[in-house]
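Right, one structure below, let's go through it.
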Amino acid sequence: MDKIIVNGGNRLGGEISVHGAKNSSLPILAATLLAEGECVIHNCPDLTDVRAACDILRYLGCKVKKEGSTLVVDSSIISKWDIPEGLMHEMRSSIVFLGPILSRMHKARLYTPGGCEIGLRPIDLHLSSLRMLGAHIRESHGELICRIDKGFRGSNITLSFPSVGATENIILACAVSEGVTNIFNAAREPEIADLADFLNKCGARIKTGTDGTVTVEGVSSLHGCEHRIIPDRITAATYMSAVATAGGEVLIKDIVPMHMKPVISVFEESGCRINMGRDSVKIRKTERLKPVRNVRTMPYPGFPTDAQAPVMAMTALADGTSVIVENIFESRFKHVPQLIRLGSAIKIEGRVALIDGVERLYGAKVCAPDLRGGSALVVAALGAEGRSEISGTNHIDRGYEKIEESLRKIGADIRRGV
Ligand code: UD1
């Protein structure tokens, strides 16, 4: 089994680029099904989740070509309307294919995603919203058997929680539809705006408001387009956590500064020096970190749950007690026992983590419990004394493109081994 081997203690320096956003690539790849033509998507990261989305597109009948970080998807001919259970479980967010398959084929057969490493992944908001738009959905032993009579019809939908996936599924369902759909309390993550941008380039009429309202004026068909995926703000936050933990000064390039706002204040509170550029951020850490008092994960523009684990790894070395509250997922502290193996002092009380900063972390053998938990272990290992071996790299590869090569370029002693 693959491992990531880190000899901690090197200060980091130089420049690092951020790849395209995983969480934009997946819904946009699903959206190519609606285009009935060729879509050219630039800046697609080479991640196992993205490959799984391409496998689903190929299974459905699309032609998918990869040219470097550009994916060319031709969805002129679609021959299937189901996703087999194996493919469905390769990627947790494959439920986002339900809206576009139903829209294009007027029938769909998928499997429910089930639980995963970070807790239950309910899809009730996806299903109730699609039903409001006219879908008939029957659930039987984990299978979703769906049809729609003459295509989706616009409606007003108020989400009880601004779910990212449900907002995407609704947009994907009603981009091609009759009438207007208003989504209230929609998710406001930058990846939603990126999906809307992509679909608008294909001929859709979607407006995303900053107040959490999305308006979709249905059109009768879409066409192919060319699009560039936005940078991955979580990967950027992970690199920032790495510099804050290991020390040094690094220029993180190819970011959208606005998207980083929810995390920047936390790095500033910890005593890092931050300089924002037009499409970059420079982070410098020279002294021992200060604790952070109030990190609460929230829907965007709040602090992202996906950055919680790498930021927790950084607070492990702070001079005092940090407090992190996880409000989005029920079971997203699975990295804590692994961080404790590296020498950190963390107590969990329900949704609250209390991190008593220690002076040193020590290398150890640890196992990535999930994607972001895995990146937290890499961050902690970079700041630990001695050698760490991180197994469970399959989780990390779902969201970070060749993480060891990127971090080696800025001076980390990190490699892949067996
Ligand atoms: C997306 C991101 C993920 C991120 C999360 C929250 C992708 C591919 N994944 O996941 O990285 O951590 O947003 O920012 O974009 N919920 C329900 N019912 C539903 C749907 C969601 O109760 O029908 C709950 C979930 O259990 C969770 C919360 O809502 O507690 C947030 O989920 P959601 O925003 O839907 O996250 P995802 O789209 O799955």
Side-chain angles (χ1 to χ4, degrees), residues 20-31 44-45 47-50 52-53 56 88 90-99 110 112-132 137 139 144 157-173 183 185-196 212 214 229-230 232-235 237-238 259 262-263 296-311 325-335 351 370-376 395-396 398-400:
K22 167 177 91 73
N23 290 353
S24 272
S25 306
L26 303 178
I28 286 176
L29 285 170
C44 269
L47 307 171
T48 44
D49 267 14
V50 170
I56 292 175
M88 204 61 202
E90 258 182 52
M91 181 184 71
R92 291 289 167 193
S93 43
S94 40
I95 192 67
V96 83
F97 278 85
L98 178 55
L110 270 67
T112 52
C116 78
E117 298 80 13
I118 57 175
L120 286 173
R121 297 298 282 261
I123 51 166
D124 53 313
L125 299 173
H126 299 242
L127 302 188
S128 59
S129 305
L130 295 181
R131 284 186 175 117
M132 283 188 73
I137 303 174
E139 294 181 70
L144 296 168
I157 297 173
T158 303
L159 291 173
S160 55
F161 179 87
S163 154
V164 174
T167 303
E168 290 166 348
N169 238 333
I170 301 168
I171 292 174
L172 288 161
I183 315 169
N185 199 27
R188 289 185 278 167
E189 270 67 4
E191 293 76 20
I192 302 283
D194 202 23
L195 172 64
V214 176
I229 300 282
I230 58 169
D232 197 307
R233 62 199 165 94
I234 305 302
T235 299
T238 306
H259 297 169
V263 298
R296 291 166 181 273
T297 66
M298 302 284 260
Y300 191 86
F303 185 89
T305 172
D306 288 348
Q308 177 256 108
V311 163
V325 184
E326 172 56 53
N327 289 310
I328 306 294
F329 287 104
E330 53 177 16
S331 175
R332 213 168 193 185
F333 283 143
K334 290 201 174 141
H335 44 282
R351 288 182 174 273
D370 54 58
L371 164 57
R372 305 302 169 186
S375 73
H395 291 298
I396 298 173
R398 284 185 41 228
Y400 298 87

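Whatever order the structure lists them in is the order used to number ligands and atoms, beginning at 1. FYI, side chains are in, hydrogens and waters are out, and symmetry mates aren't considered; it's all heavy atoms of this structure.
- Taken to the nearest 0.5 Å, the CD1 atom of Ile137 stands 5.5 Å off from the CG atom of Leu98.
- At a heavy-atom distance under 4.0 Å, atoms from both the backbone and the side chain of Ile328 approach ligand 1.
- For Ala166, the side-chain contact (heavy atoms from CB on, under 4.5 Å) partners are Leu125, His126, Leu159, Ser163, not counting sequence neighbours.
- Within the structure, the closest approach of His126 to ligand 1 falls below 4.0 Å when heavy atoms are considered.
- Electrostatic pairing of Arg233 and Glu191 counts as a salt bridge here, judged by a charged N lying under 4.0 Å from a carboxylate O.
- Near Phe161, meaning under 4.0 Å from one of its heavy atoms, ligand 1 places the atoms 28 (C), 29 (O), 31 (C).
- Looking at Val96, Asp49, Thr305, Asn23, it is Asn23 that brings a heavy atom closest to atom 8 (C) of ligand 1.
- Considering backbone and side-chain atoms alike, Lys22 places every N or O at 3.5 Å or more from each N or O of ligand 1.
- Within 6.0 Å of the CZ atom in Arg351, the count of heavy atoms belonging to other residues, nucleotides or ligands exceeds 12.
- Numbered from 1 in the order shown, with element, the atoms of ligand 1 that lie under 4.0 Å from a heavy atom of Gly165 read 35 (O), 38 (O).
- At a 4.0 Å heavy-atom cut-off, ligand 1 touches Pro122 through backbone and side chain alike.
- Of the heavy atoms in Asp306, only side-chain atoms (C-beta onward) come closer than 4.0 Å to ligand 1.
- Close approach of ligand 1 to Arg332 is summarised as follows: ligand atoms under 4.0 Å from at least one heavy atom of the residue are 12 (O).
- Backbone and side-chain nitrogen or oxygen atoms of Ser163 are examined, and one is located within less than 3.5 angstrom of a nitrogen or oxygen of ligand 1.
- Near Leu125, meaning under 4.0 Å from any of its heavy atoms, are these atoms of ligand 1: 18 (N), 19 (C), 23 (O).
- Set against the non-hydrogen atoms of Ser93, the atoms of ligand 1 under 4.0 Å away are 8 (C).
- In this structure, Ser25 and Val50 approach most closely via the heavy-atom pair CB-CG2, 4.0 Å.
- Asn327 CG to Arg296 CZ: the interatomic distance, rounded to the nearest 0.5 Å, is 7.0 Å.
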Evaluate the criterion side-chain contact (heavy atoms from CB on, under 4.5 Å) for residue pair Ile328 and Gln308; output intermediate values, then yes/no. CA-CA 11 Å; Ile328 306 294; Gln308 177 256 108; over 6 Å; no
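- In summary, Arg332 and Asp306 engage in a salt bridge, as defined by a charged side-chain N under 4.0 Å from a carboxylate O.
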